**Student:** 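Here it is: the structure, laid out below.
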2 protein chains.
Amino acid sequence: MFEIFAQYLQSKIELSDQELKMIEEVCVVRKLRRNQYLLQEGDIWRYNAFITKGCLRTYSVDDRSMEHVLNFAIENYWIGDRESLLNGTPSRFNIDAIEDSTLLLISKENFAGLMKSIPQFQDLVNLIIERSFVAIQDRINNSISLNAEEKYIRFIEKQPQIALRVPQHMIASYLGMTPETLSRIRKQSSKKQ
Amino acid sequence: MFEIFAQYLQSKIELSDQELKMIEEVCVVRKLRRNQYLLQEGDIWRYNAFITKGCLRTYSVDDRSMEHVLNFAIENYWIGDRESLLNGTPSRFNIDAIEDSTLLLISKENFAGLMKSIPQFQDLVNLIIERSFVAIQDRINNSISLNAEEKYIRFIEKQPQIALRVPQHMIASYLGMTPETLSRIRKQSSKKQ
DNA sequence: AAAAGCACTTGATATATATCAAGTGCCTGA
DNA sequence: TCAGGCACTTGATATATATCAAGTGCTTTT
């Protein structure tokens, strides 16, 4: 279980056996069946979570009970609600498993401890946040610049692995369009080629 | 000039006189007249910039020469292109002054030095990035969940200071709608009250 | 193996938003 | 101080996308 996380870490930073052990000791394994929740709206999120297997989504539910997918995450990605974690406020989001999944959870406190005692780990975490910011800014740029078809094309280019394994109606939601619209776009796009 | 930045820093973290001086020494003042560029597409951005006076915007330009505003920033905010700074790649964005403005620039190298030698500064920077991420995620959520009128209302609620000082057509661009649409929405909204 | 439930598609129509084209009023710079 | 140029508004129309309603074919459950 931990092996995958260890490999991920070692591909990014240098870690002594002892440091690796420190990390292992604070990891808690969490398995989820398809459709099970990792986090429900209203809960407070207190972890950092690394996915070793599977696929999850973060989504919000609006007044009209419509779901809006904010994010997908698969193996070797982090997931969680940074807002709730940072502010200690109840989450406005839900996270559930799209496939049977396995995660490693590290509590906020333990995570802070690791960052303090392992500088490379701290640097890695900072880098990840920077990268997430850049990625999400790109998404904002796309959402205000592109039409529905262009958004879909960019999505496939940027995240082909995800495009292949999540249901189409969730992709539509992620892109801010209806499933019907995405279905028609796909039909048109395939004709063009 | 530096006074405003010093106050900002001291309101967030504890700093000795010596530490404050270290920071001051690496700050470079940059004044911009209205409409002047801080960064142009294709340039590489190598700083962290703090605004002590004025108002700026970050925007992209698409194939059809349409401008799309990604961000506004005013006094006591940071601005720059994190993507270009992080990756060392040419910027895809432009940043220019909406009002006559004054900024303090700290080069990437000096900034890294400050973070190394002043742990509280490091913490502050991390916190800012975390917060930016949360804010931008909220914007994504709005952009996929809300219609044009709702987006505008949220924007005024969240950023009233900015709503009052930037031209309406730039707000429209920021919200991903045409100026005409925003104009009509404002008319309708004002009738409702 | 049949039944039920999804996910996706397709068609008809409605609605929100964009586009194009004037028109108004207010700054601003010569 | 006047002329020109913006920023914003308004109207008419076009277009993209949403909504509603079936219909099809898989997959899952029993």
Side-chain angles (χ1 to χ4, degrees), chain A residues 33-36 55 57 59-69 72 96-100 142-156 162-193, chain B residues 33-36 55 57 59-69 72 96-100 142-156 162-193:
Chain A
R33 305 287 305 277
R34 193 161 93 89
N35 295 326
Q36 256 189 319
C55 179
R57 77 208 238 253
Y59 65 98
S60 65
V61 180
D62 71 18
D63 314 334
R64 281 160 283 163
S65 313
M66 300 278 283
E67 295 181 359
H68 303 281
V69 175
F72 298 111
D96 67 9
I98 297 177
E99 306 170 1
D100 294 352
N142 288 344
S143 95
I144 61 177
S145 310
L146 307 180
N147 66 25
E149 184 182 10
E150 290 163 337
K151 281 178 202 170
Y152 176 64
I153 291 170
R154 292 284 172 95
F155 173 72
I156 302 191
I162 288 177
L164 289 172
R165 58 199 275 193
V166 309
Q168 202 172 299
H169 69 273
M170 292 188 190
I171 296 177
S173 168
Y174 177 88
L175 297 174
M177 64 187 74
T178 60
E180 293 94 332
T181 294
L182 180 55
S183 174
R184 285 185 250 262
I185 280 168
R186 281 164 51 88
K187 193 180 175 188
Q188 286 167 19
S189 300
S190 66
K191 258 191 286 183
K192 284 188 194 164
Q193 318 227 16
Chain B
R33 305 287 305 277
R34 192 161 94 89
N35 295 326
Q36 256 189 318
C55 178
R57 76 209 239 255
Y59 65 97
S60 64
V61 179
D62 71 17
D63 314 335
R64 280 160 283 164
S65 313
M66 301 278 283
E67 294 181 359
H68 303 282
V69 174
F72 297 112
D96 67 9
I98 297 177
E99 306 170 2
D100 293 353
N142 289 343
S143 95
I144 62 178
S145 308
L146 306 180
N147 66 24
E149 183 182 10
E150 291 163 337
K151 281 177 201 171
Y152 176 64
I153 291 169
R154 293 284 173 94
F155 173 71
I156 301 190
I162 289 177
L164 290 171
R165 59 199 274 195
V166 309
Q168 202 172 298
H169 69 274
M170 290 187 191
I171 296 177
S173 168
Y174 178 88
L175 296 174
M177 63 187 73
T178 60
E180 293 94 332
T181 293
L182 181 54
S183 175
R184 287 185 249 261
I185 280 168
R186 281 164 52 87
K187 192 180 175 187
Q188 287 167 19
S189 299
S190 67
K191 259 190 285 183
K192 284 188 194 166
Q193 318 228 15

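Letters go in sequence order (proteins before strands), and every chain restarts at 1. All figures in this text were calculated on a predicted structure; none of them were measured in a lab. Just so it is clear, the values below take in all heavy atoms, side chains as well, and ignore hydrogens, waters and symmetry mates.
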**Student:** Expressed in angstrom and rounded to an integer, what is the separation of Q168(B) atom CD from dT10(D) atom P?
**Tutor:** 11 Å

**Student:** Once you round it to whole Å, what is the distance between P of dA18(C) and CE of M66(B)?
**Tutor:** 9 Å

**Student:** Got N142(B) and F155(B) here, is their nearest side-chain heavy-atom distance under 4.5 Å?
**Tutor:** no

**Student:** Please pick, from dT17(C), dT17(D), dA18(D), the nucleotide with the shortest atom-to-atom distance to any side-chain atom of T178(A).
**Tutor:** dA18(D)

**Student:** dT9(D), dC8(D), dT17(D): which one has an atom nearest the side-chain heavy atoms of S183(B)?
**Tutor:** dT9(D)

**Student:** Could you give the CZ-to-P distance, from R186(B) to dT10(D), as a whole number of Å?
**Tutor:** 11 Å

**Student:** Report the distance from atom CD1 of I185(B) to atom C1' of dT9(D), rounded to the nearest whole Å.
**Tutor:** 14 Å

**Student:** With DNA chain D as reference, determine whether R184(A) or R184(B) sits nearer its 5' end, using the nearest nucleotide of each.
**Tutor:** R184(B)

**Student:** Without decimals, in angstroms, what is the distance between K187(B) NZ and dT24(C) P?
**Tutor:** 15 Å

**Student:** Check this for me: does the side-chain of E180(A) come within 3.5 Å of the base of dC20(D) through a donor and an acceptor?
**Tutor:** yes

**Student:** Does dT17(C) have OP1 or OP2 sitting under 4.0 Å from an N or O in the side chain of T181(B)?
**Tutor:** no

**Student:** If I take atom CE in residue M177(A) and atom P in nucleotide dT17(C), what distance separates them, rounded to the nearest angstrom?
**Tutor:** 15 Å

**Student:** In whole Å, I'd like the distance from the CG atom of L182(A) to the C1' atom of dA7(C).
**Tutor:** 12 Å

**Student:** Less than 4.5 Å apart, side chain to side chain, heavy atoms only: is that true for F72(A) and R57(A)?
**Tutor:** yes

**Student:** Between Q188(B) and I185(B) (side chain of the first, backbone of the second, donor and acceptor by atom type, cut-off under 3.5 Å), is there such a pair?
**Tutor:** no

**Student:** Specify the separation, in whole Å, of atom CG of L175(A) and atom P of dA16(D).
**Tutor:** 18 Å

**Student:** If I compare all heavy atoms of I98(A) with all of P167(A), which pair ends up nearest, and what's the gap?
**Tutor:** CG2-CD, 4.0 Å

